[in-house]
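Note sheet for the following structure.
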Amino acid sequence: MKRTHHCAQLTKANLHATVSLAGWVDSVRDHGGIIFVDLRDRQGVTQVKFDSALREQAAKLKDESVIGIRGQVEPRPADMVNKNLPTGEIEVDATELEVYNISDTPPFPLTDAGGDKVNEDLRLTYRYLDLRRPKMRKNLAVRHRATKSVRDYFDAQGFYEVETPALFKSTPEGAREYLVPSRIHPGQFYALSQSPQQFKQILMVAGVEKYFQIARCFRDEDLRADRQMEFTQIDVEVSFIDREGVYALFEGMLKKVWKDVLDHDLPTPFPRLAYKDAMNRYGVDKPDTRFGLELVDFSDTFRQSGFKVFQSTVAAHGSVKAFNAKGLADVTQGEITALEEIAKSLGAKGLAYIKVEQGEWKSPIVKFFSESEKAALTEKLGIADGDLVFFAAAPWERACAILGRIRLEAAQLLAKRGKLSLPANQWNFLWVVDFPLMSYDEERKGYVATHHPFTAPVAEDIALLDSDPKAVRGQHYDVVLNGMELGGGSIRIHQPVLQKKVFEEVLKIPADVVESRFGYLLKAFTYGAPPHGGIAFGLDRMVALLCGTTSIRDVIAFPKTQKAQDLMAQSPTPVTAKQLKELHIQTVIPPA
Ligand code: ASP
């Protein structure tokens with residue numbers, strides 16, 4: 001029975017036509033001997049009436065069975081019209097029924113509300129049923145539309161989509177990798193590509209000039225709601241481009257996607273914030289700018305203070321910072337305890353705060369403050385009755401990080417009280433720029449690349465590479481939205497000598513290791529590497545935002561659980577001794 005229409009198509013315009021439909025039984029109802037079936041396909045639902053010899057057979061249908069029908073389009077009686085349904089004015093009076101498959105009873109209701117109530121593990125075990133739910137179907141459609149919009153954009157800009165290998169080589173300085181044993185080369189391994197970074201740079205040397213890829217990346221990291229072992233990036237690299245060029249290119253893409261998918265006009269250009277300013281004002285390099293509660297530096301105010309904790313921090317070149325959680329003086333003791341725990345987990349000794357009630361500053365530390373210190377706080381923080389002021393005194397970066405986190409928590413507490421709104425559909429995109437090229441890693445006792453070792457220093461800072469590496473700014477940029485880092489990239493080093501210097505002299509990677517890991521890249525650069533730069537942007541997170549869901553698992557057809565398992569196909573699994581032998585692998589299982 002060949003389908004003539006889909007299940008959201010028939011209207012009064014089709015009255016009395018003979019049509020065939022196919023799909024799943026959404027529901028079966030018996031109205032005094034007449035059987036009504038809501039027939040569902042990917043597009044929607046059509047009511048089918050069985051009022052003939054087919055009645056008996058139709059009555060036996062179970063939900064989620066797959067059928068095909070032929071019949072005539074008839075108007076519904078006036079009292080049965082459903083205005084909420086595109087097909088709500090008609091029904092199909094069936095004259096033929098073909099049953100393709102009778103379904104067992106699904107383990108959970110396949111409605112949006114019904115599925116939301118059950119444990120996610122059950123949904124993942126029966127993912128093919130979960131994906132039948134309207135909202136999951138919509139998520140797949142949005143993902144398709146967003147990805148197509150991205151492809152159309154880059155195509156129109158003259159880009160080539162080039163696939164790069166998933167099986168790459170181990171370059172252990174990034175995230176932990178998935179290793180794949182080689183059968184042909186005993187004892188040797190491929191690594192699954194963490195990102196196409198090196199290939200896309202090589203493509204620039206190859207003269208491709210404008211590359212993009214909807215690229216799968218693999219990282220063996222602990223999973224969270226926003227992380228998967230394999231995820232998808234919109235990956236881009238361009239020759240002869242500068243930072244401004246990348247910003248404009250990428251803003252254009254996001255503008256198009258938001259228009260195509262949500263019919264929303266994103267204002268461009270996005271604001272830019274230097275890393276230092278982001279840290280100073282928001283305490284984090286991915287600020288949520290949907291609300292204020294900005295941090296203020298009081299190091300100068302407390303330089304000579306009688307309050308020794310603050311004075312000695314400043315004397316030791318640390319910072320005293322504060323922010324006003326405006327209107328949060330009604331904070332509960334339980335909430336304060338939770339905030340203190342968070343501050344401590346970030347290295348604070350405690351969390352100093354002042355509650356302002358009935359004109360009185362309530363806090364054990366206030367008695368140490370001079371009048372001028374109080375005046376400075378009042379003025380710079382706009383302190384008024386009902387406010388709650390938090391402090392951090394620590395080395396600059398830690399003081400920022402502590403208050404940055406407390407600021408986010410305070411915003412949640414204010415939102416819970418209806419005193420602050422954090423709308424999910426307010427799109428505060430921004431670029432964070434001017435990151436330091438290198439950061440000092442206490443554990444490794446050396447410099448590590450803030451972004452990755454291929455990022456170019458800002459030209460006028462190159463001279464500082466030898467004398468003061470931490471003062472060198474990188475040509476690195478991040479795209480941030482509402483407190484989430486969605487993507488990032490950089491203008492790259494294209495001169496082999498400079499790249500070698502960064503590897504060996506700044507990052508202190510031994511020359512033989514540089515040669516074995518990156519020798520091929522350095523060699524490629526000696527054959528005419530153009531200046532180039534690029535960016536990568538998380539597609540899964542972007543689609544989740546467009547769908548209004550917080551979990552990227554909701555926008556990936558077959559995600560892994562947080563325990564790194566595929567519950568449907570039941571993976572991972574042990575393999576046979578023969579397979580292991582072929583791969584020259586022995587396993588040593590730790591005792592339980
Ligand atoms: N490859 C980088 C990443 O995956 C992004 C880039 O620099 O283009 O984070």
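Numbering of ligands and ligand atoms starts at 1, following listing order.
For Phe168 and Phe199, the ring centers sit closer than 6.0 Å to each other. For Tyr477 and Tyr247, the distance between ring centers is under 6.0 angstrom. Aromatic rings of Phe435 and Tyr275 (six-membered ring for Trp) have centroids within the 6.0 Å cut-off, being under it. A centroid separation of less than 6.0 Å is found between the aromatic rings of Phe429 and Trp258.
Looking only at atom types and distance, the side chain of Arg492 has a donor-acceptor partner in the side chain of Ser490 under 3.5 Å away.
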Note down each nitrogen or oxygen pair, ligand 1 side and protein side, whose separation is under 3.5 Å; give only atom names and the distance to 0.1 Å.
| unit_1 | atom_1 | unit_2 | atom_2 | d |
| --- | --- | --- | --- | --- |
| ligand 1 | 1 (N) | Ser195 | OG | 3.2 |
| ligand 1 | 1 (N) | Gln197 | OE1 | 2.6 |
| ligand 1 | 4 (O) | Arg219 | NH2 | 3.2 |
| ligand 1 | 4 (O) | Gln233 | NE2 | 3.1 |
| ligand 1 | 7 (O) | Gln197 | OE1 | 3.2 |
| ligand 1 | 7 (O) | His451 | NE2 | 3.0 |
| ligand 1 | 7 (O) | His452 | NE2 | 2.9 |
| ligand 1 | 7 (O) | Arg492 | NH1 | 2.8 |
| ligand 1 | 7 (O) | Arg492 | NH2 | 3.3 |
| ligand 1 | 8 (O) | Gln197 | OE1 | 3.4 |
| ligand 1 | 8 (O) | Lys200 | NZ | 2.7 |
| ligand 1 | 8 (O) | Arg492 | NH2 | 2.8 |

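For Lys255, there are no salt bridge (charged side-chain N to carboxylate O under 4.0 Å, His left out) partners, not counting sequence neighbours.
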